[in-house]
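Naming: A, B, ... by sequence-line order, numbering from 1 per chain.
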There are 4 protein chains.
Amino acid sequence: MPSKKRPAAKRRLRADAARNRAKILAVAEALLAEQGPSLSTEEVARRAEVGVGTVFRHFPTKENLLVTVIQSRLERLTAQADAIAELPEDSALFAFFAAVIEHTASTPVVLHALTAAGIDSADVQRAAMSEFMAALERLVRRAQDAAVVRKDITVAEVFDLLVALVHVAELRGRGSRSAQIALRVVLDGLGVRGASS
Amino acid sequence: MPSKKRPAAKRRLRADAARNRAKILAVAEALLAEQGPSLSTEEVARRAEVGVGTVFRHFPTKENLLVTVIQSRLERLTAQADAIAELPEDSALFAFFAAVIEHTASTPVVLHALTAAGIDSADVQRAAMSEFMAALERLVRRAQDAAVVRKDITVAEVFDLLVALVHVAELRGRGSRSAQIALRVVLDGLGVRGASS
Amino acid sequence: MPSKKRPAAKRRLRADAARNRAKILAVAEALLAEQGPSLSTEEVARRAEVGVGTVFRHFPTKENLLVTVIQSRLERLTAQADAIAELPEDSALFAFFAAVIEHTASTPVVLHALTAAGIDSADVQRAAMSEFMAALERLVRRAQDAAVVRKDITVAEVFDLLVALVHVAELRGRGSRSAQIALRVVLDGLGVRGASS
Amino acid sequence: MPSKKRPAAKRRLRADAARNRAKILAVAEALLAEQGPSLSTEEVARRAEVGVGTVFRHFPTKENLLVTVIQSRLERLTAQADAIAELPEDSALFAFFAAVIEHTASTPVVLHALTAAGIDSADVQRAAMSEFMAALERLVRRAQDAAVVRKDITVAEVFDLLVALVHVAELRGRGSRSAQIALRVVLDGLGVRGASS
DNA sequence: TATGAATGAGGTTTCATTCAT
DNA sequence: AATGAATGAAACCTCATTCAT
């Protein structure tokens, strides 16, 4: 049944349309990191070399655009977590933390902003989010089983610590001494001493 | 003839004016926590039950209002740090962290936002900030001298961790298990084991 | 019958009240020249070293303040015209033009602005205006009788030319060559050749 | 992809956009004459039957709108001066004065206001202005060469007199006897007797 | 009376979103 | 599908005027 008129959900895009969509998403991600969630739609369009109309054709709402950016980032992180799972237990979690901090921009700021604005982004990205949490959980569980991470802590809490570290990295610069020390302190606190030895 | 010669900066406010100023500041602090720095001046006025004009009479600019909020918060924190200094070394830092987390709203988010917006809030609040850092430094130094905190860490880095913890507390709720665990993990990581035993 | 409660029109002012009124008027005149009719009431108060409230006690409206300024200026000009009437016919008009140009600031701009704003300033100052016109008329009539000014022109029209010259003087500076040449050209055109010889 | 590479300054406007721009400009010119430079952008939009946003899309600033109005008027006047240059020397200047007075609204008031407001409109319109002055200079020079205008006067000064006449015309009405007499007097004063004989 | 704090309508400007081309 | 002009609500801020002190 080759798509006749799919309900507007996920119809295959024309090549150039797909290219536009991707470029807009990339630009939005960059701007989000630069300016926070008050970035302007017009500037997204300008930098993506596209008319505003095109942005709104792909993402019916500014909010929808931001949510999509976050979603795609979560998906990439999930992939990374899975790729990392092959390392030995005592360094996998460390490596993952480092990777996330390295590549993730202001997710938490965005989350906060969306939450505060009373936006119900939950539905849209619950799926992406829970896949990410599952991947993280596999890492944590394995580390706890290997006794390199304390057992009185849940994935959700590990996630929060990760978010906090991203925040520091963002504030002080991704490679800064401050960011590295913060990472070390948190890992020590988690009981992942193997990583620092 | 308007008063003697107004002392250039802050002649005594009339009773009602002072009340208004305080109320505006309080409302702004609350809104800042709720909505981040994109709060609307108009709403501040509405919630403070005051005309917009009054807000602008007291704080000539939205930026000035936000900066003042942050400043007053820093001052309160500094006072707390000093009050806490009498506790034994091994619990003072712990107590201070807990107190800050308990009472501080989104300062870091605001700081970040201001910075990102290219706002030169630096001058205005450098004073308040450095007093706070001094107070924090006294606590840290004392804890390090008593060998309850690792020596390879500076005040600035402790500050960043504190900011990260505030962030978690804000995200999950001030009394939440997540916030408490995060605090515990960080303190353990800092080497403040006395506090958790 | 020593004033019991005069209808709020012209009761004798207390000494300091009178001083305030005068100072406000003077300041307003200066500001009017500097900034045109969009001057701010607050600044009038500030420069007069008085509270805004005081300004509004003396002049119930900004409009009223401006109208009063103009009125007082017209009165001064009238006095000058009368003082000058003693000079010989062939130089009196010339001298008067020069005096007016020298001392009068943006009256016409104000008039225009008031008119345009649909303000009925007519009533308030018709008296002052007609006295001024009468004085001017005496000068013109005398010059025409002495055959030093062309007879096909009315006072009203001479007035308009005077206003135009004030305008130039204001635009280019009161002592500027441009202002002087304009005065010379107009006087020559009026037939007042005696003045330039 | 937005067009080829937009010529940096003034790519061709869409038909309706051009119509809007023109209408806004016309309305602004009228309002400027009616109310002076304190006209409200909002009213411009209302009378042009356009949203405020549209006004600001075409003219990013109120100042920019006013400056553009003046510029376009200067351009029209320059064209007129050139068209008139074919008349005999002794009537060309007269005709030009008459034409300017007939068609020009409050330019001088605006210029004054802009200047007073400290607006640096200079750059923007220096070009338009100097072209106009050049056209006027050609007329004056020719009249002086033909000995119908006094030689002790510069173009700049002739310009000021012209401005003064426009002022009178505006105050009393374009066709009024007062405006005509003023014109006659000034021309006589300039030595352009040919025009009045 | 004098003061200056308070008020709120109104002005300029931005920006998410819609719609004609 | 893409474009960018148009829209108008809403943001920040000013200022004439009122009113409690």
Side-chain angles (χ1 to χ4, degrees), chain A residues 13-14 16-17 20-21 38-46 49-65, chain B residues 1-3 6 11 13-21 38-45 49-63 65, chain C residues 13-14 16-17 20 38-46 49-65, chain D residues 1-3 6 11 13-21 38-45 49-65:
Chain A
L13 290 173
R14 258 171 37 187
D16 56 343
N20 275 344
R21 202 191 118 100
S38 62
L39 87 202
S40 108
T41 327
E42 206 94 28
E43 192 172 356
V44 171
R46 205 169 24 248
E49 295 176 289
V50 156
V52 231
T54 305
V55 173
F56 278 87
R57 162 166 287 274
H58 286 291
F59 307 95
T61 278
K62 181 185 173 179
E63 183 199 324
N64 178 278
L65 171 59
Chain B
M1 244 170 293
S3 77
R6 81 166 70 169
R11 85 196 158 296
L13 285 176
R14 245 165 48 186
D16 54 343
R19 222 174 314 133
N20 275 339
R21 201 190 120 100
S38 61
L39 89 205
S40 122
T41 318
E42 212 99 28
E43 190 172 358
V44 171
E49 297 174 293
V50 173
V52 229
T54 304
V55 174
F56 280 90
R57 162 171 279 270
H58 286 291
F59 308 95
T61 280
K62 181 186 174 179
E63 184 198 327
L65 172 59
Chain C
L13 291 172
R14 261 172 34 187
D16 56 343
N20 275 344
S38 61
L39 87 202
S40 108
T41 326
E42 206 96 29
E43 191 172 358
V44 171
R46 205 170 23 247
E49 296 175 290
V50 156
V52 233
T54 304
V55 173
F56 277 86
R57 162 165 288 272
H58 286 291
F59 308 94
T61 279
K62 181 186 175 180
E63 183 200 324
N64 178 279
L65 171 59
Chain D
M1 245 172 291
S3 77
R6 84 166 66 169
R11 83 193 160 299
L13 284 176
R14 245 165 50 184
D16 54 344
R19 221 174 315 135
N20 275 340
R21 202 192 120 99
S38 61
L39 87 205
S40 122
T41 318
E42 211 101 26
E43 191 174 358
V44 171
E49 297 174 291
V50 175
V52 231
T54 304
V55 173
F56 279 89
R57 162 169 279 270
H58 286 290
F59 308 95
T61 279
K62 181 186 173 179
E63 184 197 327
N64 178 280
L65 172 59

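- Remark: B/E49 CD to B/T54 OG1 distance equals 12.5 Å, nearest 0.5 Å.
- For the pair A/T61 (side chain) and A/N64 (backbone), a donor-acceptor distance under 3.5 Å is absent.
- Counting to the nearest Å, the P atom of F/dG8 and the CG atom of D/N20 are 12 Å from each other.
- Residue whose closest nucleotide on DNA chain F sits further toward the 5' end, between D/V50 and A/G53: A/G53.
- Both A/T61 and D/P60 sit near DNA chain E, but only D/P60 has its closest nucleotide nearer the 5' end.
- Computed from coordinates, the B/E49 CD to E/dT7 C1' distance equals 15 Å when rounded to whole Å.
- Across all strands, B/T54 comes closer than 4.0 Å to base atoms (heavy-atom distances).
- In this model, the phosphate group of F/dC15 is not approached by any side-chain N or O of C/S40 to a distance below 4.0 Å at OP1 or OP2.
- Comparing D/A17 and C/S38 by the nucleotide of DNA chain F whose heavy atom lies nearest to each, the residue mapping closer to the 5' end is D/A17.
- For A/R57 and F/dA1, the shortest distance from a side-chain N or O to OP1 or OP2 is below 4.0 Å.
- Rounded to whole Å, atom C1' of F/dC13 lies 5 Å from atom CZ of B/F56.
- Spacing between atom CZ of D/R19 and atom P of E/dA20 amounts to 14 Å, rounded to whole angstrom units.
- Across all strands shown, E/dA20 forms a Watson-Crick or G-U wobble pair, both distances under 3.5 Å, with F/dT3.
- When rounded to the nearest whole Å, the span between CG of D/N64 and P of E/dT13 equals 10 Å.
- Taking atom NZ on C/K62 and atom P on F/dT17, their separation rounds to 8 Å, with Å as the unit.
- Nucleic acid contact for D/L39: sugar-phosphate only, since backbone atoms but no base atoms lie under 4.0 Å from a heavy atom of the residue.
- The closest side-chain heavy-atom distance from A/T41 to A/F56 is below 4.5 Å.
- Annotation: the span from A/L65 atom CG to A/E63 atom CD amounts to 10.5 Å, rounded to 0.5 Å.
- Between the NE2 atom of B/H58 and the P atom of E/dG4 there is a distance of 14 Å, given to the nearest Å.
- Between B/L39 and B/K62 the shortest side-chain heavy-atom distance falls below 4.5 Å.
- Spacing between atom CD of D/E42 and atom C1' of F/dA11 amounts to 13 Å, rounded to whole angstrom units.
- The partner of E/dC15 is F/dG8, judged by Watson-Crick or G-U wobble contacts that both fall below 3.5 Å.
- In this structure, of F/dG4, E/dG8, E/dA5, it is F/dG4 that holds the atom nearest to the side chain of A/V52.
- Side-chain nitrogen and oxygen atoms of D/T41 include none within less than 4.0 Å of the OP1 or OP2 phosphate oxygen of E/dG11.
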